[in-house]
Amino acid sequence: GDFSGQLLAYLSLGPIFIIVGFVTLIIFKRELHTISFLGGLAFNEGVNWLIKNVIREPRPCEEAHSTVTTKYGMPSSHSQFMWFFSVYSFLFLYLRMHQTNNARFLDLLWRHVLSICLVTVALLVSYSRVYLLYHTWSQVLYGGVAGSIMAVAWFAFTQEILTPLFPRIAAWPISEFFLIRDTSLIPNILWFEYTVTRAEARNRQRKLGTKLQ
């Protein structure tokens, strides 16, 4: 009968939905920066596992949750995951994507709204871990700090080290076989895909109209 607990339990499934979304996006887009983002999330999880097994701080109520994969709770993996995802996405929105059309106000508005949503979800998922007795406040706090630091470090690594290598990687035969592409030189991939698709659709429509005459 705890509606809040049920809602927070569903919210705590956020990392699973994010991973599924990334896999789907990679299958259909096959873009190197997206693959790097997912690699950063996986590396972040590995760091979390390592820290947990070094500190070995138990969860607050082990007997309440016998199905957890590890008895250690410092830092919270959910909190670290969500804050990595939110902070990296924030950096991507404001530092990687640049506006290329004249809708400056609307562009900033949707970035601000999306950023607020990302932070809100990260806060709610972090809170859910305490509410559901999986973690203490300190475990959640340190998880959030660790995830944020990891996000900044991985974003800098991707921008400074990996991005200059993306054109070379995209030219590999195996990359061409799997249609893996590099869009790092395109400032706003959403606007670019929209304009290219619209232009191609109009061009095909004109050709079709000419044939029907």
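Heads up: numbering here begins at 1 and tracks the sequence. The analysis underlying the following values was restricted to heavy atoms, covering all of them including side chains, and did not include hydrogens, waters or symmetry mates.
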What's the spacing between [X] [atom1] and [Y] [atom2] if we round to 0.5 Å?
{"X": "L91", "Y": "S86", "atom1": "CG", "atom2": "OG", "answer": "11.0 Å"}
{"X": "I180", "Y": "F166", "atom1": "CD1", "atom2": "CZ", "answer": "11.0 Å"}
{"X": "W49", "Y": "N44", "atom1": "CH2", "atom2": "CG", "answer": "15.0 Å"}
{"X": "F157", "Y": "T163", "atom1": "CZ", "atom2": "OG1", "answer": "10.0 Å"}
{"X": "T136", "Y": "M74", "atom1": "OG1", "atom2": "CE", "answer": "5.5 Å"}
{"X": "F155", "Y": "E160", "atom1": "CZ", "atom2": "CD", "answer": "9.0 Å"}

Verify the neighbour count for atom CZ of R168: are there more than 12 heavy atoms of other residues, nucleotides or ligands below 6.0 Å?
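No.
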More than 12 foreign heavy atoms under 6.0 Å from CD1 of I174: is that the case here?
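12 or below, so no.
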Looking at every non-hydrogen atom in both residues, tell me the closest pair between [X] and [Y] and how far apart they are.
{"X": "S126", "Y": "S79", "value": "OG-OG, 3.3 Å"}
{"X": "D182", "Y": "A170", "value": "CB-CB, 4.0 Å"}
{"X": "S148", "Y": "W83", "value": "OG-CB, 3.9 Å"}
{"X": "L179", "Y": "R30", "value": "O-CB, 3.5 Å"}
{"X": "S138", "Y": "E57", "value": "OG-OE2, 4.2 Å"}
{"X": "Q80", "Y": "P75", "value": "OE1-CG, 3.4 Å"}

Under the 3.5 angstrom rule, does the side chain of [X] hit a backbone N or O of [Y] as a donor-acceptor pair?
{"X": "S36", "Y": "L32", "result": "no"}
{"X": "R59", "Y": "H135", "result": "no"}
{"X": "S175", "Y": "A171", "result": "no"}
{"X": "R56", "Y": "N53", "result": "yes"}
{"X": "S76", "Y": "Q139", "result": "no"}

Would you call H78 and S128 a side-chain contact if the rule is heavy atoms closer than 4.5 Å? no
Self-check item: Side chain to side chain, M150 and V47, heavy atoms closer than 4.5 Å
Solution: yes
Single-linkage hydrophobic cluster [X]~[Y], side-chain heavy atoms < 4.5 angstrom:
{"X": "V145", "Y": "V121", "result": "no"}
{"X": "L141", "Y": "V152", "result": "no"}
{"X": "I149", "Y": "V119", "result": "no"}
{"X": "F43", "Y": "L50", "result": "no"}
{"X": "L165", "Y": "W154", "result": "yes"}

Note to self: Whether the Y94 and H112 side chains hold a donor-acceptor pair (N or O, under 3.5 Å, no angle test) is what I'd like checked.
What the structure shows: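 Side chains of Y94 and H112: pair found under 3.5 Å.
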Geometric class of the F37/F84 ring pair [parallel <30°, tilted 30-60°, perpendicular >60°] =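 Taking F37 first and then F84, their aromatic rings sit tilted (interplane angle of 30° to 60°).
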Across all chains, not counting sequence neighbours, the salt bridge (charged side-chain N to carboxylate O under 4.0 Å, His left out) partners of R181 are E193
Chi angles and distances behind the ring-ring contact (aromatic ring centres under 6.0 Å, His included) call for F92, H33:
CA-CA 10 Å; F92 183 86; H33 198 123; 5.1 Å; yes
Discussion item. Using side chain to side chain contact (heavy atoms under 4.5 Å, CB included), reason through W137 and Y127 one step at a time and then give a plain yes or no.
Written reply: CA-CA 8 Å; W137 280 113; Y127 174 72; 3.5 Å; yes
Identify all side-chain donor-acceptor contacts of residues 11-25 below 3.5 Å with residues at least two apart in sequence or on another chain.
residue, atom, partner, partner atom, Å
S12, OG, A9, O, 2.5
T24, OG1, V20, O, 2.9

